Amino acid sequence: MAVHPQLPNAITIARIVCAPIFLWLLLADAGADGGLRWAAAVLFIVAIATDGVDGYIARKYEIVSDLGKLLDPIADKALTGLAFVGLSILGELPWWITIVVLVREIGITVYRFLVVSDHVLAAAWMGKLKTVFQAIALSIALIPFAALSDAAVWQSTVWWAGVITMSIAVVLTIASGIDYIVTEVRAAQKTRGSR
């Protein structure tokens, strides 16, 4: 079966386009547990799930491109970054978490653009794992579980699941940022040493 070589990039761009729509849905009714909140949660989950889809298609059909390597992590950061900001605006997530995440994400993204003429900084395994945990933690935070049941055990379970996954996501966000920096510094030293 023939697959258009730009299909993975088109899916990635669609994820970028979904990001501001998702944020509007989340904030439109001040985060109330109604239809717009559910729509925001579903859109986020579907959009972030396409991260695996575009990568799978690109690898399976051997149409991995430098543009895709550049756009894919940017799409993830746009979607997850706006989710962090939206939840903090609604008072559902401490701003310090959002600031830590955004500093790391924006810093790495800016660096990607600075070195793009030299080499493409593709996502490393820790960065991918970070994105998975961010996606899980944000999905738990976005879904209005309170509307499903007001049982204390249910609420406690959801709260703990959110705290644990968000804590792991924050640790991986910091660790993967350090990993990128260390890897790039070592690569630069090796390049200088070979001249």
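Nothing here was measured: the structure is a model prediction, and the numbers come from that model.
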Participant: Hey, could you give me the CG/CG distance between Leu25 and Leu36, rounded to the nearest 0.5 Å?
Facilitator: 6.0 Å
Participant: Got a second to check how far Ile11's CD1 is from Ile16's CD1, nearest 0.5 Å?
Facilitator: 12.5 Å
Participant: Report yes if the side chains of Asn9 and Gln6 come closer than 4.5 Å at any heavy-atom pair, otherwise no.
Facilitator: yes
Participant: Look at the side chain of Ser88 and the backbone N and O of Leu93, then say whether any donor-acceptor pair between them is shorter than 3.5 Å.
Facilitator: yes
Participant: Under a 3.5 Å distance rule, please check whether Ser176 uses its side chain to pair with a backbone N or O of Lys130 as donor and acceptor.
Facilitator: no
Participant: Where do Ala40 and Leu26 come nearest, in terms of heavy atoms and distance?
Facilitator: CB-N, 3.6 Å
Participant: Mark yes or no for whether Gln155, through its side chain, and Ser149, through its backbone, hold a donor-acceptor pair below 3.5 Å.
Facilitator: yes
Participant: Determine whether Ile143 and Trp24 fall in the same hydrophobic cluster, where Ile, Leu, Val, Met, Phe, Trp and Tyr are linked whenever their side-chain heavy atoms lie under 4.5 Å apart.
Facilitator: yes
Participant: So which heavy atom on Val101 is nearest to which on Gln134, and how close?
Facilitator: CG1-NE2, 3.8 Å
Participant: If we ignore hydrogens and angles and just use 3.5 Å, is the side chain of Ser167 paired with the main-chain N or O of Val163 as donor and acceptor?
Facilitator: yes
Participant: Do Leu43 and Cys18 have side chains that approach each other closer than 4.5 Å (heavy atoms only, starting at C-beta)?
Facilitator: yes
Participant: Is the backbone N or O of Gly31 less than 3.5 Å from a side-chain atom of Arg37, with the two atoms forming a donor-acceptor pair by type?
Facilitator: yes
Participant: Does the side chain of Phe133 come within less than 4.5 Å of Val170's, by heavy atoms?
Facilitator: no
Participant: Got a second to check how far Leu71's CG is from Thr12's OG1, nearest 0.5 Å?
Facilitator: 6.5 Å
Participant: Honestly curious: do Ile164 and Val153 fall in one hydrophobic cluster under the side-chain, below-4.5 Å linking rule?
Facilitator: no
Participant: Within the 4.5 Å heavy-atom criterion, are Met126 and Tyr180 side-chain neighbours or not?
Facilitator: no
Participant: Hey, is Arg15 close enough to Asp54 for a salt bridge, meaning N to O under 4.0 Å?
Facilitator: yes
Participant: For Asp33 and Ala146, which heavy atoms make the closest approach, and how far apart are they?
Facilitator: OD2-CB, 3.9 Å
Participant: Which heavy atom of Pro20 sits nearest a heavy atom of Val17, and at what distance?
Facilitator: CD-O, 3.2 Å
Participant: Following the transitive rule for hydrophobic clusters with a side-chain heavy-atom cut-off under 4.5 Å over Ile, Leu, Val, Met, Phe, Trp and Tyr, establish whether Val171 and Val182 coincide in one cluster.
Facilitator: no
Participant: So how far is it from Asp51 CG to Asp72 CG, rounded to the nearest 0.5 Å?
Facilitator: 4.5 Å
Participant: Give me the atom names and distance for the closest heavy-atom approach of Leu79 to Ala19.
Facilitator: CD1-CA, 3.8 Å
Participant: To the nearest 0.5 Å, what is the distance between OG1 (Thr183) and CG (Asp179)?
Facilitator: 4.0 Å
Participant: What's the shortest heavy-atom distance between Ile45 and Ser139, and which atoms?
Facilitator: CG1-OG, 3.5 Å
Participant: Any side-chain heavy atom of Pro94 within less than 4.5 Å of one from Ile97?
Facilitator: yes
Participant: Can you sort out the partners of Phe22 under ring-ring contact (aromatic ring centres under 6.0 Å, His included), two or more places apart, ordered by chain and number?
Facilitator: Phe44
Participant: Are Leu87 and Ile89 in one and the same hydrophobic cluster, where Ile, Leu, Val, Met, Phe, Trp and Tyr link if side-chain heavy atoms are under 4.5 Å apart?
Facilitator: yes
Participant: For the residue pair Glu105 and Phe84, establish whether any side-chain heavy-atom pair is separated by less than 4.5 Å.
Facilitator: no
Participant: Working to the nearest 0.5 angstrom, can you tell me the gap between Thr109 OG1 and Lys77 NZ?
Facilitator: 4.5 Å
Participant: Consider only side-chain heavy atoms of I, L, V, M, F, W and Y, link residues closer than 4.5 Å, and tell whether Leu82 and Val46 are in one cluster.
Facilitator: no
